[in-house]
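Order of listing sets the numbers, starting from 1, for every ligand and every atom in it. Side chains are part of it too, since the values below use all heavy atoms of this structure and drop only hydrogens, waters and symmetry mates. By convention here, the first residue in the shown sequence is residue 1.
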Amino acid sequence: MTRTPVNVTVTGAAGQIGYALLFRIASGQLLGADVPVKLRLLEITPALKAAEGTAMELDDCAFPLLQGIEITDDPNVAFDGSNVALLVGARPRTKGMERGDLLEANGGIFKPQGKAINDNAADDIRVLVVGNPANTNALIAQAAAPDVPAERFTAMTRLDHNRALTQLAKKTGASVSDIKRLTIWGNHSATQYSDIHHATIGGKSAVEVVDDEKWLTEEFIPTVAKRGAAIIEARGASSAASAANAAVDHIHTWVNGTEEGNWTSMAIPSDGSYGVPEGLISSFPVTCKDGKYEIVQGLDINEFSRARIDASVAELAEERDAVRSLGLI
Ligand SMILES: NC(=O)c1ccc[n+]([C@@H]2O[C@H](COP(=O)([O-])OP(=O)(O)OC[C@H]3O[C@@H](n4cnc5c(N)ncnc54)[C@H](O)[C@@H]3O)[C@@H](O)[C@H]2O)c1
Ligand SMILES: O=C(O)C[C@H](O)C(=O)O
């Protein structure tokens with residue numbers, strides 16, 4: 001193998017998403033079956049030992065593509081020469097914690113990590129924020145990295161996209177691969193909007209195939225938006241394997257491209273498209289080609305969609321204003 005290994009940094013590596021993610025990265029599913037990787041695992045000091053345990057297991061898989069593992073509690077080391085950064089570790093909301101407290105606690109994580117990315121990462125760094133509140137954590141990290149092109153900071157709504165695909169497939173009896181051009185708009189939160197107005201199923205309009213407006217508004221959209229909470233309720237812990245799967249999908253698509261005639265959903269810094277204020281990290285329909293993404297332009301947004309996009313974007317603007325008032329951006 002002669003290719004230079006790609007440095008992949010994973011924060012929160014000893015957590016449950018980390019455990020589901022690292023083996024897939026090391027096996028080549030993130031970047032490709034011919035791309036060697038070096039892993040950098042960032043954890044808080046008390047979790048370093050657990051991260052070492054996971055590294056021992058990674059060693060024991062004898063993955064041919066895995067060219068090294070470094071474990072550290074220092075963001076400057078973790079992001080040194082990093083090409084891909086998966087920011088998973090975050091401060092979860094605990095009892096009695098207000099939203100402002102949560103944003104502030106996460107600011108204490110994502111601001112220094114953004115600075116460490118700015119100061120140490122490779123020129124081609126691509127960042128995916130998974131840790132919640134993902135969109136606003138991405139905004140905090142991005143603001144702390146003024147030397148990195150803003151568009152390299154993204155947040156994950158691919159899990160919502162995948163959830164929506166399956167709900168739609170189950171409703172219509174189609175296969176997920178027959179469904180194209182589905183979109184998640186806005187925030188990775190309960191305000192997100194899963195939009196099938198431009199989607200097709202087996203080449204036909206998804207709205208016409210579904211032909212059930214009540215299901216769309218009262219079941220589909222809320223089921224997808226509240227799926228994370230439903231999983232926490234059922235499992236007693238938040239989604240992990242499906243979140244790791246979506247992170248793999250997000251980076252794989254960003255690097256390797258979307259299929260012809262289809263698009264995906266990524267939370268990315270807005271350029272003002274579709275009335276989303278510039279700079280907010282909001283989910284859009286995107287196509288990817290040659291390692292770059294582009295917002296799908298020219299879609300007709302009906303009144304129904306407009307109201308839902310606006311509501312989610314308003315929440316993002318509130319979160320931005322809150323972190324701004326805390327001096328985090
Ligand atoms: N965007 C999405 O679709 C999505 C889906 C599922 C979960 N999540 C979020 O992903 C995050 C992680 O979930 P999990 O189940 O793996 O949580 P977890 O609690 O199992 O693991 C989090 C890990 O992060 C580590 N950590 C905390 N602060 C850190 C720091 N400053 N630097 C490095 N590591 C740090 C912790 O030690 C822990 O090991 C949560 O915020 C969760 O809400 C997002
Ligand atoms: O961790 C959570 O709050 C839920 C998670 O973001 C999910 O969508 O599964």
Listing, residues 148-162 side-chain donor-acceptor contacts under 3.5 Å, not counting sequence neighbours, or none:
{"unit_1": "Arg152", "atom_1": "NH1", "unit_2": "Asp123", "atom_2": "O", "d": "2.9"}
{"unit_1": "Arg152", "atom_1": "NH1", "unit_2": "Ile125", "atom_2": "O", "d": "3.1"}
{"unit_1": "Thr154", "atom_1": "OG1", "unit_2": "Val127", "atom_2": "O", "d": "2.8"}
{"unit_1": "Thr154", "atom_1": "OG1", "unit_2": "His250", "atom_2": "NE2", "d": "2.9"}
{"unit_1": "Thr157", "atom_1": "OG1", "unit_2": "Ser283", "atom_2": "OG", "d": "2.7"}
{"unit_1": "Arg158", "atom_1": "NE", "unit_2": "Thr264", "atom_2": "OG1", "d": "3.4"}
{"unit_1": "Arg158", "atom_1": "NH1", "unit_2": "Asp249", "atom_2": "O", "d": "3.4"}
{"unit_1": "Arg158", "atom_1": "NH1", "unit_2": "Thr253", "atom_2": "OG1", "d": "3.0"}
{"unit_1": "Arg158", "atom_1": "NH1", "unit_2": "Thr264", "atom_2": "OG1", "d": "3.2"}
{"unit_1": "Arg158", "atom_1": "NH2", "unit_2": "Thr253", "atom_2": "OG1", "d": "3.4"}
{"unit_1": "Asp160", "atom_1": "OD1", "unit_2": "His188", "atom_2": "ND1", "d": "3.2"}
{"unit_1": "Asp160", "atom_1": "OD1", "unit_2": "Gln192", "atom_2": "NE2", "d": "3.0"}
{"unit_1": "Asp160", "atom_1": "OD2", "unit_2": "His188", "atom_2": "ND1", "d": "2.8"}
{"unit_1": "His161", "atom_1": "ND1", "unit_2": "Ser265", "atom_2": "OG", "d": "2.8"}
{"unit_1": "Asn162", "atom_1": "ND2", "unit_2": "Asp249", "atom_2": "OD2", "d": "3.0"}

Could you state the interatomic distance from [atom1] ([X]) to [atom2] ([Y]), rounded to the nearest 0.5 Å?
X      : Y      : atom1 : atom2 : result
Thr172 : Leu168 : OG1   : CG    : 5.0 Å
Leu66  : Phe23  : CG    : CZ    : 10.0 Å
Thr200 : Arg181 : OG1   : CZ    : 6.5 Å
Asn118 : Gln113 : CG    : CD    : 13.5 Å

Interfacing atoms of ligand 2 (cut-off 4.0 Å, heavy-atom, [X]):
X      : answer
Ser239 : 7 (C), 9 (O)
Arg163 : 7 (C), 8 (O), 9 (O)
Asn132 : 1 (O), 2 (C), 3 (O), 5 (C), 6 (O)
His188 : 5 (C), 6 (O), 7 (C), 8 (O)
Ile232 : 2 (C), 3 (O)

Item to complete: For ligand 1, would you mind listing the residues that have at least one heavy atom less than 4.0 Å away, ordered by chain and number?
Response: Gly12, Ala14, Gly15, Gln16, Ile17, Leu42, Glu43, Ile44, Ala47, Val88, Gly89, Ala90, Ile109, Gln113, Val130, Gly131, Asn132, Met156, Leu159, His188, Ser238, Ser239, Ala243
Worksheet entry | Residues forming a salt bridge (Lys or Arg N to Asp or Glu O under 4.0 Å) with Asp124, sequence neighbours excluded | none
Discussion item. Using the side-chain contact (heavy atoms from CB on, under 4.5 Å) criterion, which residues pair with Arg227? Sequence neighbours excluded.
Written reply: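 In terms of side-chain contact (heavy atoms from CB on, under 4.5 Å), with neighbours along the sequence ignored, Arg227 is linked to Arg163, Gln167, Ile231.
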Discussion item. What I want to check is whether the side chains of Asp271 and Ser273 have a donor and an acceptor closer together than 3.5 Å.
Written reply: yes
Discussion item. Is it true that Arg235 and Gln16 share a donor-acceptor pair across their side chains at a distance under 3.5 Å?
Written reply: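 Result is yes, a qualifying pair exists.
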Discussion item. Suppose we measure from atom 1 (O) of ligand 2 to each protein heavy atom; which comes out shortest, and what is that distance?
Written reply: Ser238 CB, 3.3 Å
Worksheet item: N/O to N/O below 3.5 Å, does that happen between Asp160 and ligand 2?
Response: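 No, no N or O pair falls under 3.5 Å.
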